[in-house]
Structures are given as structure tokens and as C-alpha cells.
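All heavy atoms count here, side chains included; hydrogens, waters and symmetry mates do not.
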Amino acid sequence: MTAQRRFEVCQGKHCRKRGSKNTLALFEELAADSPGIIVQAADMSHTEHGCFDECTMGPNVRVDGDGPGTDGGRIINGVKTKEDCEQLLK
């Protein structure tokens, strides 16, 4: 059985200005036929800023966190291209 992986793309205003909407769409497209991969917009509403708080380095993606409304996982900064997304999905 394949382990489940989670990718959460920040949709805060600073990340959106840096292209996170496109990053989320790329992840959704690339992972569409990959069972065990969850791609979603990050829900960090429980934090002070409502995001990963690494705004100047966005778009930011949390890899293998515990899901919406939680902390944890690794934050990857500057995920913009199809190649960036493919590398993380490997």
C-alpha cells in the first residue's frame, strides 16, 4: 500500500500575488491520477497571519503536514513552475 502524501498550497494574498493560484492548479493537474496524493489549498486560519508566515518567499507549499487547521510539515518556498511541482511529487 502506498503511503498518503499531502500538499497544501498557500492562498494568502502575498502568495496569490506570486502565483499560488497557478501553483495549486499545477499540483491538481499533476496529481489527478495519483492515488494517495492529496492536494489542497492551505487552511492556516488558526495562525496570526492566516498563512505559513513566509510570505516574501512564496508561493509556499506545505508538504506532508497534518491537514487543514494544523501546524507541522515542511514548508517549501518559491514553488512556481510545473518542474517545481513535479520535483516535489516525486
Kindly state each residue pair satisfying side-chain hydrogen bond (donor to acceptor under 3.5 Å, both in side chains) with at least one member in residues 11-24, sequence neighbours excluded. Q11-S20

Pairs where residues 62-75 contributes a residue and the test side-chain hydrogen bond (donor to acceptor under 3.5 Å, both in side chains) is met, not counting sequence neighbours: R5-D64, E8-R62, H46-D71

Give the minimum heavy-atom separation between L24 and A41, together with the two atoms involved. CD1-N, 4.0 Å

Which heavy atom of P59 sits nearest a heavy atom of G19, and at what distance? CG-C, 3.9 Å

Taking a hydrophobic cluster as the set of Ile, Leu, Val, Met, Phe, Trp and Tyr residues connected by side-chain heavy atoms closer than 4.5 Å, whether directly or through intermediates, do [X] and [Y] fall within one such cluster?
X   : Y   : value
V63 : L30 : yes
V61 : L26 : no
I37 : V9  : yes

Answer whether the closest heavy-atom distance between the side chains of Q40 and R6 falls below 4.5 Å. yes

Once ring pair (Phe, Tyr, Trp, His ring centres under 6.0 Å) is applied, do any residues pair with F27, and if so which ones, sequence neighbours excluded? F7

Considering only distance and modelled atom types, tabulate donor-acceptor pairs under 3.5 Å from the side chains of residues 83-90, sequence neighbours left out.
unit_1: D84; atom_1: OD1; unit_2: T81; atom_2: OG1; d: 3.3
unit_1: D84; atom_1: OD2; unit_2: K80; atom_2: N; d: 2.9
unit_1: D84; atom_1: OD2; unit_2: T81; atom_2: N; d: 3.1
unit_1: D84; atom_1: OD2; unit_2: T81; atom_2: OG1; d: 3.2

Of all residues at least two apart in sequence or in a different chain, which pass the side-chain hydrogen bond (donor to acceptor under 3.5 Å, both in side chains) check with E29? none

With sequence neighbours left out, write down each residue that passes side-chain contact (heavy atoms from CB on, under 4.5 Å) with N77, or none if nothing qualifies. E54, M57, N60, I75

